[in-house]
Amino acid sequence: MSKSISQSDEAPPPSKKTKMASDLTLGATHNQILEQRKSLKKQIHSLPRDQKSKVLSHFHGSERTDMSKQRLRNLREDDKHQDTSNMSDIQRHTLDKRKRRQNPALQRQMHRRETKRLQNAVAAADAEEILHTHTTGLVEVETDMERTLQLTQQQLKNDHLQEGVARNIFDLELKEYSPYKLRYDRSGRFSLLAGAAGHVSIIDQHSLALTSEFFVNETVRDACFLHNGSMMAVAQEKNVFVYDDKGVEIHRMDGHRRVMGMEFLPYHWLLATIGHSGQLQYQDTSTGALVSQHRTKMGPCGVIRQNPFNSVVHLGHTNGTVTLWSPSSSEYLVKLLCHKGSPVTSLAMDRSGRYMVTGGGDSKVKVWDLRMYKEVHSYNTYGGAPTCVDISQTGILGIGHGCHTTFWRPEALRLKMKEPYMKHQLSGKGVESLRFRPFEDVCGIGHTMGISSIVIPGSGEPNLDSMEHFTNPYMDNKQRREAEVRSLLEKLSPEMIALDPDAIGSVEESNLIQRRQRMRDVAEEADARKVEEMEALKNKKEKKRMRGRSKIAKKLARKHKNIIDDNMLKLKELREKEKAEREAERAGVGGDGDSDADDETPSALKRFF
Amino acid sequence: MKVKALARPQSTTSRSSLHDLRPTHKNLNPQSHPQARAREYTRAVTAAKLDRMFASPFVGDLKGGHVDAVSSLAICRTNLCPVVTGAVDGTVRIWDLQNRRMVASLDGAHSRNVSGIVFGNGIDGQFYSCGEEGIIKAWSIYPKGQYITADVDDEDKKPRARKGNPKSSQDDDAESPHGPLNVYRLPSARNSSFANAFHSIDHHWSESQFATASSDAAVHLWDPERSTPITSFNNLWGSDDTVTTVRYNPAERDLIAHCSSDRGIGLHDTRTASALQKTIMGMKSNCLEWNPMEPYMFVVGNEDYNAYTFDMRKLSRPTTIFKGHVGAVMSVGWSPTGTEFVTGSYDKTIRIFSTRKEGGTASHGGYGSNGTARDIYHTKRMQRIFCVGYTLDHKYILSGSDDTNIRMWKARSSEKIGQLSAREESSLQYRQALVQKYAHLPEVKRIHKARRVPKFIKKETEQAMVQKEKRR
């Protein structure tokens, strides 16, 4: 029993170190254990300060599970309250003796446990160092009366957040060029602000300084970063322009006309655009080639979002449908009627690719299961139809409607929740766009009066990955250059976009019969193609003939001319018979007079007779 | 209300000084790595391409080459550098592999084709050459038979000075500092030496003894100290045909394998007068080599364009047939690791065959291989190849051909010569693992296996396929 407790009293990942250490305590004598404990304590004491605090927090955290300490405490309590009045002298004596010796067996056990906990704490701190098992941010209520919904940004800023985090709560008033669209790059380091009246600027989120700012003097409908924060595409009045981070125009893409929505697929280096014409276009930003363009045939469209799970592009249309597209098929892959009788105003997909959230003109936000293409449940919005939705890396759902923003916990996608996690009101400002900042607990809101930035604890992924290109917000220039080369080497081809991203390299589920059938089909197809080719070759030769003769019926007739069959023979016979009859008749007509002279005179002289 | 928001301290995100390593982070959550499979596959395709891009197998030739076609080649069994080659005009040349230069040219060593050369098993650098005129000569790679190295001081480690050589008095060869130390002849052949031409010579792996194969349908065993053979095996299996190849088994000290021109391959125990086993092939075998690591296996190169590995315990059928050449296989050579061998062919190409399954770890006598070449080497100028061999470090391949050149190739065509940095090595290993993981996918397979071969080889291969289909 005690053994099982001691094994389960810690939850660090079983590294080699801990295993070795626990083996040591198992067979060691008490003196050895005491020595070990001493050396461990010395070791912890000599650690650097932050490491030491980590180890100690693990050590004290596991105290609760150490049963022996509790037991000793209980025993002492019992001893204290023990009624010794009706005890014999001998009994009293043994009790005193036991008290003096302080229960040595239990003491030994305690020492053993403590050593083990020390070992485990060291190992857990080591593992944390390696695995970076940081936890997400959170808001927890401490009493029943409190609700997370009541927490305002002002309270957060004043009472709860550190200075470094609290500075992310700010408002920018930019009335002249609003409403604003706001986007972050993949690392969350830079934000791109695009004012509808032609103001484009990039803000470095670490220093909260303006990196670049320029005015295009025409309507800006949408803007997005390309592969990293150093390049961006801006959908302007007529064309899409590509600028670098200094605002220098690099490219004008004439093929994309009056674009209303853009999305960049980072692994394929594709820029997907859609606009007034309803044409979805994929442009390769590394080679500059137009990969494909599909006519959606559903009118103007500005609601476009990629599914991060499989890079399939989702479009929300004005007739309430959502269609899924890939560059390799000219038809949509899936079509969903999401909002009957009202337009789809916004959509977002979560990171796992399971859930899609759509906002409709019917003031509803619906959650869809993308594995079954069925509605899971829906939420109603107040104060206006939802204009923008976004799902954070951790799954927090943010909705902008009217002048309100509402945030739901990650569970809200799976289950219907009763009340939102947080909300934020921008009185008098219509929310235009809402985006979560990657790897931080920050949400950016673009509205009709400028820009707001708020903190939503728990919305950002806590663990970075420096091997994933362009997702490290602390990347320096050298790393960025290297990432550019590497990600170009690993660029996926556009044909690889499919609903199931893991299809490539997986084993096909088929049996021998199916395989054989398929091989037969392939062979037949090849044969058919061969025959076709042969015929095409033949036809090519025939083409040299005169005009009008190559009509199929005539050609067939010509072919049949030389075939001798029964019918043909009969016809021939018949014809000869008729000929003979005709001749005989003629002979009969001409032979009215002298038949003898008739026989001998040449035909040319016959008329003289 | 308890609130916690993400805040990353400076120390975890950026380095404190320029000399520090950049902090790295790892997120094992698969959701942080979307489309990982597709990206890994793309990396595998790139890795396969890089592997082919770096493939440059030709290292260079041994400077000067020969004057006539190179017919035989011997690589030292104890030392990395010495190589000896013999040419059709009877010249023997000694080479130093380290700088690919000639050490000495023994002009007129033989009056006809040098059909075989072999190194002794000692460290004294002795080697034996046999010619088609019926003479065997012993030489040393060190001038005047002196074997001196700076680090060896012991007197007894030096070879004995050879005195009282049973050298023939009528030997009219020009004396070279390299020898001949000894000349051996068949007693019956003193008058008509051309009738008993030697075709092959091999030295015992542990004892001071060598064996020759000759035109009189016999295998002769020789003691270096005696001018006449100590034993002769005539008419093996009652056959009068010429024995073309003879090879000692590396492990069994009394076992000899040989090929004869009656299309047979046979095993022979030198202690007895009788043969052990024999098998008859469809066509003549040109060469035979024992696997140095699995000495119960041997490979033969055949006139029917194929190489066959045999298990000596069961000669009735080969363990694997290695196909691909479009000309007779003239020579084979095992890698010292015993996991792959190289063949030189009359079709002017060298092919490397692996006896193990691709990516497999254990070699099981060639059972796992699919029997196709791992790699094909050729150049525009290289003519028919008569002799090939691996160097002792299994990194290079030597080939001697009709165009009088001796060429040096890398055994693994895309390997980088020289020291690799730790990063280079780890990325190389990762790339290899990727290619192996996705080797079954058509694109990777196509790139990985693609080899540009000369037009006539491509045509003949296609023709051979058609013929095979027809026979089916």
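All figures in this text were calculated on a predicted structure; none of them were measured in a lab. Computed over heavy atoms, backbone and side chain alike; hydrogens, waters and symmetry mates excluded.
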Interatomic distance, Leu6(B) atom CG to Phe439(A) atom CZ [nearest 0.5 angstrom]: 11.0 Å
Of Leu492(A), Ile497(A), Asp502(A), the residue whose pairing with Gln35(B) passes side chain to side chain contact (heavy atoms under 4.5 Å, CB included): Leu492(A)
Part of His469(A) lying under 4.5 Å from any heavy atom of chain B: neither
Side-chain (Asn27(B)) to main-chain (Asn463(A)) donor-acceptor, under 3.5 angstrom: yes
Interface moiety of Asp476(A) toward chain B, non-hydrogen atoms closer than 4.5 Å: side chain
Presence of salt bridge, Arg39(B) and Glu468(A), under 4.0 angstrom: yes
4.5 Å side-chain heavy-atom contact, Arg8(B) and Tyr474(A): yes
Flag, side chain of Arg351(A) to backbone of Pro34(B), donor-acceptor distance under 3.5 Å: no
Heavy-atom side-chain contact between Gln155(A) and Met1(B) under 4.5 Å: no
Val139(A) portion near chain B, given a 4.5 angstrom heavy-atom threshold: both
Pairing of Lys2(B) and Glu142(A) as salt bridge, 4.0 angstrom limit: no
Options Pro30(B), Ala38(B), Ala44(B), Ala36(B), ranked by heavy-atom pairs under 4.5 Å with chain A, top entry: Ala38(B)
Donor-acceptor under 3.5 Å (Thr24(B) side chain, Ser466(A) main chain): no
Contact origin within Glu146(A) toward chain B - heavy atom pairs under 4.5 Å: side chain
Interface residues of residues 307-314 of chain A facing chain B - non-hydrogen atoms under 4.5 Å apart: Pro308(A), Phe309(A), Asn310(A), Ser311(A)
Heavy-atom side-chain proximity of Val3(B) to Leu161(A) below 4.5 angstrom: yes
Distance, nearest 0.5 Å, that separates OG1 of Thr13(B) from NE2 of His206(A): 8.0 Å
Arg37(B) (side chain) donor-acceptor with Ile504(A) (main chain) under 3.5 angstrom: yes
Flag side-chain contact, heavy atom, 4.5 Å: Met496(A) against Thr42(B): yes
Residues Lys4(B) and Thr136(A): side-chain donor-acceptor under 3.5 angstrom: no
Part of Glu490(A) within contact of chain B (heavy atom distance under 4.5 Å): both
Atom group of Leu156(A) that falls short of 4.5 Å from chain B, counting heavy atoms: side chain
